[in-house]
Amino acid sequence: MSEFESGAATPASLENASPDGGKKAELDGGVSFDLLISLCKRRGFVFPGSEIYGGINALYDFGPLGVRLRRNIRQSWWNRMVERRGDIEPIETAIIMNREVWVASGHVGSFSDPLVECAACHRRWREDHLEDERRARGKTGAGCPECDGTLGESRKFNLMFRTFLGPVQDDLNEVFLRPETAQGQFVNFANILNSTRHSLPFGIAQTGKSFRNEISPGNFIFRSREFEQMEMEWFCEPGSDREWFEYWCDDRFAWYVDELGVRSARLRLRPHTREELSHYSAGTSDVEYLFPFGWGELEGIADRTDFDLGAHQQHSGKDLTYFDPATNRRFLPYVIETAVGVDRTLLVTLMDAYDEEEVRGEKRVLLRFHPAIAPFQLAILPLSKKPELTGLSLSLVERLRSRWSVDFDQTQSIGRRYRRQDEIGTPLAITVDFESLQDHAVTIRNRDTMAQVRVSIDRLEVAIGEQLAEAAQRVLARARGELPVN
RNA sequence: GCGGGAGUAGCUCAGCUGGUAGAGCAUUUGCUUCCCAAGCAAAGGGUCGCGGGUUCGAGUCCCGUCUCCCGCUCCA
């Protein structure tokens, strides 16, 4: 465990956590969870799951804006990982897989830790770690490492959701909801190889839901029991894995800054220490973001060696080797994995985009989304609800919807509507007024600068394109630290 | 599971020592040729988490229960 994960986010621990103390002042603070949770519910990003029944622990529903944001995040990942390259193939595998998959992967074994609980202090221990814990505290005997209390019966604590395939609830029919999507890639490695004519190196990518019965979920949607992953498995020649590992670390880190517009000052790439490394990994680095509770992982990039393919080959008895015609050699490829959480990315884009400023003595709340991920890129706002303006406005809505995601709002005053759009991060608002009927021009108003320009309806698409590009540049400059952090 | 905090309108909260619910914001409607949470006028919305108990009477006291949030072997 790292020093950063052990403590609360006290100012002191944040100082320790900061690799370069110079950024400390900027790194402190940020939007609070309470404020964000409230905004998410009020505006329709995230709702508590099953709310009218009192909710359900650590599960959430996504509202109209949240869904749009999620889709855009997924799309951004998809574009970078699949669409703009030729060497990564997509796949979608079933959430429920043959039970043996999880035996081979090690999840049935290592995901079901035997836990014992102290009757006195109620602390829980992993049974297989008891000796280490006692030694660390200089204890002897069979009691609780902390308080010497009596330990209870050993219980299996399986992090995988269990269910039954078919109507008979029999242990023979036991199956699991996947705790990660990656095994779908490994299990289909031979299928992809045979159906796509790829030679090494190449990747297989998948987005989809995963499920884990976390012991302690929390921090809003940060750790949920149902979550969505975007995972890519990169198959390469043994010996080239270190190089590819570095490549993917750089590439994945860049995604957050260059495409999502997350401020680099709040991001870091942290290599795992030797003790942290998983049994399968020859090296792992996490992309982390500075949350109010401290640094938290968004993405893990891991050199998984040939562990997974080897395990599946052995367990299934099927040949999963790759034949290299150039060298006439047959071998198990090594794998670099990049694994991101959609929900965590959504949380980060919200937190990082959140900003407040004072305008004429009033607080203005805005989300400085990159236009590519904003739920709406445009809002059409008639200055008045008069039918003439409504008609023209709706025709613009229809026209622009073929290219952008457009919101339409004609309730209440124009000032309110600007603020409302600011709060959901719409980069541009297009205002239709009475003069528009005469001069065939409308006003484009900018979320970040509140500046307005009058443009002819004839060249509206061009003007919008330019302004969105400009807005994107502004967000990216902020992300790279070329503009003041706030 | 343990410790701490909290459950009252969509959101944020008020409601003192018990007397059958309020504010701000938000939402909706109307009027105003109306460009930065504008003005005026209205409206909708709560069995005060749930169940018991004490009491003539309970958001307010007691018991139970559920849920949420914050801390302790998580790695998306």
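Letters go in sequence order (proteins before strands), and every chain restarts at 1. Small disclaimer: the values here were computed from a predicted structure and weren't measured.
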Given that both distances must come in under 3.5 Å, which nucleotide forms a Watson-Crick or G-U wobble pair with rC74(B)?
none

OP1, OP2 of rU27(B) versus side-chain N and O of R420(A): anything below 4.0 Å?
yes

Counting any heavy atom closer than 4.0 Å, what does T431(A) reach on the DNA or RNA strands: base, sugar-phosphate only, or nothing?
base

For L35(A) and rU12(B), what is the distance between atoms CG and P respectively, to the nearest whole Å?
10 Å

Rounded to the nearest angstrom, tell me the gap between atom CZ in R416(A) and atom C1' in rC40(B).
13 Å

Counting any heavy atom closer than 4.0 Å, what does L298(A) reach on the DNA or RNA strands: base, sugar-phosphate only, or nothing?
sugar-phosphate

pair_partner(rC40(B)), Watson-Crick or wobble, both distances < 3.5 Å, evaluates to rG30(B)

Using whole Å, what does the distance between atom P of nucleotide rU28(B) and atom CD of Q410(A) come to?
11 Å

So that I know where these two stand, are Y289(A) and F291(A) an aromatic pair - ring centroids less than 6.0 Å apart?
yes

OP1 or OP2 of rA76(B) less than 4.0 angstrom from a side-chain nitrogen or oxygen of R212(A), does that happen here?
yes

Please name the nucleotide paired to rU60(B) by Watson-Crick or G-U wobble geometry with both distances under 3.5 Å, or report none.
none

Quick one: label F33(A) by what it contacts on the DNA or RNA (base, sugar-phosphate, nothing), any heavy atom closer than 4.0 Å.
nothing

Could you state the atom-to-atom distance from CD of E226(A) to P of rC74(B) in whole Å?
22 Å

May I ask which nucleotide in the shown strands pairs with rU47(B), Watson-Crick or G-U wobble, both distances under 3.5 Å?
none

Check for me: is Y418(A) stacked on rA37(B) by the 5.5 Å centroid and 30° plane-angle rule?
no

At 4.0 Å (heavy atoms only), tell me whether K363(A) reaches a base, stays on the sugar-phosphate, or touches nothing.
base

Side-chain donor or acceptor of R417(A) under 3.5 Å from a matching atom on the base of rC36(B)?
no

Across the strands shown, which category fits Y60(A) at heavy-atom distances under 4.0 angstrom: base, sugar-phosphate, nothing?
sugar-phosphate

With side chains defined as the heavy atoms from C-beta onward, is the minimum distance between V432(A) and L383(A) less than 4.5 Å?
no

Which value, in whole Å, describes the distance between the P atoms of nucleotides rG51(B) and rA41(B)?
41 Å

Test of ring centre spacing under 6.0 Å for Y60(A) and F220(A)
yes

Among pairs that include at least one residue of residues 428-443 of chain A, which meet side-chain hydrogen bond (donor to acceptor under 3.5 Å, both in side chains), considering only residues two or more places apart or in two chains?
Y418(A)-T431(A), D433(A)-S436(A), D433(A)-R454(A), D439(A)-R454(A), T443(A)-R454(A)

Who pairs with rU67(B) - Watson-Crick or G-U, where each distance is under 3.5 Å
rA6(B)

Tell me the interatomic distance from L159(A), atom CG, to rU73(B), atom C1', rounded to whole angstroms.
11 Å

Within the 4.0 Å heavy-atom criterion, would you say S224(A) contacts the bases, only the backbone, or no part of the nucleic acid?
base

Sequence-distant partners of R71(A), side chain to side chain donor-acceptor pair (under 3.5 Å), two or more places apart:
none

Using a heavy-atom cut-off of 4.0 Å across all strands, would you classify D433(A) as base, sugar-phosphate, or nothing?
base

OP1 or OP2 of rA37(B) sitting under 4.0 Å from any side-chain N/O of Q412(A)?
no

Quick check on the 6.0 Å ring-centre criterion: do F222(A) and F293(A) meet it?
yes

Output yes when at least one side-chain N/O atom of K385(A) is less than 4.0 Å from OP1 or OP2 of rG30(B), else no.
yes

Would you indicate what Q452(A) reaches in the nucleic acid, counting non-hydrogen atoms under 4.0 angstrom: base, sugar-phosphate, or nothing?
base

Using a cut-off of 4.0 Å on non-hydrogen atoms, how would the nucleic acid contact of T443(A) be classed: base, sugar-phosphate, or nothing?
base

Gap between atoms CZ and P, on R364(A) and rC36(B) respectively (whole Å)
13 Å

